[in-house]
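Chain naming here is simple, since letters A, B, ... match the order of the sequence lines and numbering starts at 1 in each.
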4 protein chains.
Amino acid sequence: MIELDRDAMTPMYVQLANVLRDRIRHGQIPVGRRLPSQSELEAETGGAVSRRTIKTALEVLADEGLVQGVQGKGVFVIALPANPPASE
Amino acid sequence: MIELDRDAMTPMYVQLANVLRDRIRHGQIPVGRRLPSQSELEAETGGAVSRRTIKTALEVLADEGLVQGVQGKGVFVIALPANPPASE
Amino acid sequence: MIELDRDAMTPMYVQLANVLRDRIRHGQIPVGRRLPSQSELEAETGGAVSRRTIKTALEVLADEGLVQGVQGKGVFVIALPANPPASE
Amino acid sequence: MIELDRDAMTPMYVQLANVLRDRIRHGQIPVGRRLPSQSELEAETGGAVSRRTIKTALEVLADEGLVQGVQGKGVFVIALPANPPASE
DNA sequence: GTGGTCTAGACCACA
DNA sequence: GTGGTCTAGACCACC
């Protein structure tokens, strides 16, 4: 289950991207593996976000070079995130 | 045994085509010889792919001019692959 | 139903070829149409002939240029027979 | 409406490819335009062929370099066919 | 909505 | 047995 806060300052798609990025960082979805499908993510969030929002979140991760979509197969992890923007 | 990864980014039929192309390249199946039959390939993959998908893989190799199907006989190697996509 | 006479002088495959040639001549199977499949012919003859014999009959018609097999589709009429060797 | 003959010698997917190639040749679908979608083609043929078979027909045209599929958009004409198999 | 991937069967001629 | 044809579905990302 993915918990998102509709009333938070952070946009839903950023929240979702953050959740997925963390999963990737912590190896819950290793490089080369598929992310949950858009439908699965929609279900995992309890329908809190639309498919359009999910797509936006995935675009964020794609822009970061972390994931890549493949027609008919799914969205795949292709790299680990850089160090978390932690205590710099 | 042929190991395919259903959850990989690469479509199953491309994975299978890659495996067979390598076998041809390395002379494990010389020019003029028959490939394993579609049923045998289905078994070799542990039933990971259907015959239709196997056919798609063979179509890839046929499009590359490497193999050719003969009615009631099998699929035969008719040429060696061009140089592997070099690691230059 | 196709009636063949096992005890006739004429070989079974010739008898069968004759039956089929007549059907073609009389337009029961027009040019461009498919003949009954080998299995269907086997059934039509009540199992009186083996598939090998059926194939031989079809080869006769193919040699006469009347029919042509197509992989995965069937055997097709491609021409009408010449005048029957009647009262020459 | 697209008329296909299930019982013809020519495979259904070849018949369909021929129809579409003619449409392209005669400018009914100009270069750069989209072909009817796979679902539309399924309907145009009166459901005579499955989507998989339609795809096979489109693969034929793609192999000839006439069309190209675009994800989520459709299949587009990218070139005119070479001279028709002349009646010389 | 679109095309791309994949399944699990069927029937066919041919060897 | 073999490969070639075809079906009637499914799920996926993408638009």
Side-chain angles (χ1 to χ4, degrees), chain A residues 34-41 51-52 54-55 58-59 62 67-76, chain B residues 4 6-16 34-42 47-59 62 67-76, chain C residues 34-41 51-52 54-55 58-59 62 67-76, chain D residues 4 6-16 34-42 47-59 62 67-76:
Chain A
R34 218 199 70 190
L35 267 63
S37 75
Q38 297 186 355
S39 313
E40 287 165 346
L41 288 174
R51 281 182 58 185
R52 192 60 192 81
I54 289 167
K55 181 164 181 10
L58 294 175
E59 283 169 356
V67 305
Q68 182 179 345
V70 178
Q71 343 127 308
K73 292 284 296 184
V75 174
F76 293 82
Chain B
L4 302 181
R6 177 174 306 280
D7 295 329
M9 240 173 84
T10 310
M12 300 286 274
Y13 74 90
V14 175
Q15 294 183 45
L16 179 53
R34 218 199 68 188
L35 268 64
S37 76
Q38 298 185 357
S39 310
E40 286 166 347
L41 288 174
E42 193 171 2
V49 291
S50 73
R51 228 196 91 194
R52 192 57 189 77
T53 301
I54 287 168
K55 182 168 188 342
T56 303
L58 294 175
E59 282 169 356
V67 305
Q68 185 173 13
V70 179
Q71 348 126 308
K73 302 261 320 182
V75 175
F76 292 82
Chain C
R34 219 197 71 192
L35 268 62
S37 74
Q38 296 186 356
S39 312
E40 287 165 345
L41 288 174
R51 281 182 56 186
R52 190 61 192 80
I54 288 167
K55 182 164 183 7
L58 294 174
E59 283 169 356
V67 304
Q68 181 179 344
V70 178
Q71 341 129 307
K73 292 284 297 186
V75 173
F76 292 81
Chain D
L4 302 181
R6 177 175 307 282
D7 295 329
M9 240 174 86
T10 311
M12 299 286 273
Y13 74 91
V14 174
Q15 293 183 46
L16 179 53
R34 219 198 68 188
L35 268 64
S37 75
Q38 297 186 358
S39 310
E40 286 165 347
L41 288 173
E42 194 172 2
V49 292
S50 72
R51 230 195 89 195
R52 191 59 191 76
T53 300
I54 287 167
K55 183 170 190 340
T56 303
L58 295 175
E59 283 170 356
V67 305
Q68 184 173 14
V70 179
Q71 347 129 307
K73 301 262 319 182
V75 175
F76 292 82

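Residue B:Glu59 contributes atom CD, which lies 13 Å from atom P of F:dC6 at whole-angstrom precision. Atom pair B:Phe76:CZ and F:dT2:C1' shows a separation of 9 Å (rounding to whole Å applied). As rounded to whole Å, 15 Å separates atom C1' of E:dC14 from atom CG of C:Leu41. Regarding D:Lys55, its NZ atom lies at a distance of 8 Å from the C1' atom of E:dT5, rounded to whole Å. Taking atom CE on D:Met9 and atom P on E:dA13, their separation rounds to 13 Å, with Å as the unit. In this entry the distance linking CD1 of C:Ile54 with C1' of E:dC12 reads 14 Å, nearest Å. Rounded to an integer number of Å, the gap from CD of C:Gln68 to C1' of E:dA13 is 12 Å. With rounding to whole Å, A:Glu40 atom CD is found 11 Å from F:dC11 atom P.
Nearest nucleotide to the side chain of B:Gln71, out of E:dA15, F:dC14, F:dC6: E:dA15. Checked against E:dT5, F:dC12, E:dC6, the side chain of A:Ser39 finds its nearest nucleotide in F:dC12. Comparing F:dT7, F:dG3, E:dG3 by their nearest atom to the side chain of B:Val75 picks out F:dG3. When the nucleotides E:dT2, F:dC6, E:dC12 are ranked by their closest atom to the side chain of D:Ser37, E:dT2 comes out on top. Closest approach to the B:Thr53 side chain among F:dT2, E:dC6, F:dT7 is made by E:dC6 (side chain taken as heavy atoms from C-beta onward). With distances taken from any side-chain atom of B:Ser50 to the nucleotides E:dA15, F:dT5, E:dT7, the minimum falls on E:dT7.
Heavy-atom nearest nucleotides on DNA chain F were determined for A:Leu35 and for D:Pro11, and the one closer to the 5' end corresponds to D:Pro11. In terms of position along DNA chain E, the nucleotide closest to D:Arg34 lies nearer the 5' end than the nucleotide closest to the other residue of the pair D:Arg34 and B:Val49. Nearer the 5' end of DNA chain E, as judged by each residue's closest nucleotide, is the contact made by B:Arg52, out of B:Arg52 and C:Leu58. Take the nearest nucleotide of DNA chain F for B:Lys73 and for D:Met12: the residue whose nucleotide is more 5' is B:Lys73.
Of the possible polar contacts, none joining the B:Gln38 side chain to the B:Lys55 backbone as a donor-acceptor pair under 3.5 Å is found.
Within 4.0 Å (heavy atoms only), D:Ala57 reaches no atom of the nucleic acid at all. At the heavy-atom level, B:Ala48 lies under 4.0 Å from the strands shown only through sugar-phosphate atoms.
Contact check for D:Val49 versus D:Thr56: no side-chain heavy atoms found under the 4.5 Å cut-off. Under the 4.5 Å side-chain criterion, counting only non-hydrogen atoms from C-beta, D:Gln15 is not in contact with D:Arg6.
Distances shown here put a side-chain N or O of D:Tyr13 below 4.0 Å from the OP1 or OP2 atom of F:dT5. Contact annotation: D:Gln38 side-chain N/O to E:dT2 OP1/OP2 distance is not under 4.0 Å.
Between the side chain of D:Arg51 and the base of E:dG4, at least one donor-acceptor pair of N or O atoms lies under 3.5 Å.
F:dC14: Watson-Crick or G-U partner is E:dG1, with both key distances under 3.5 Å.
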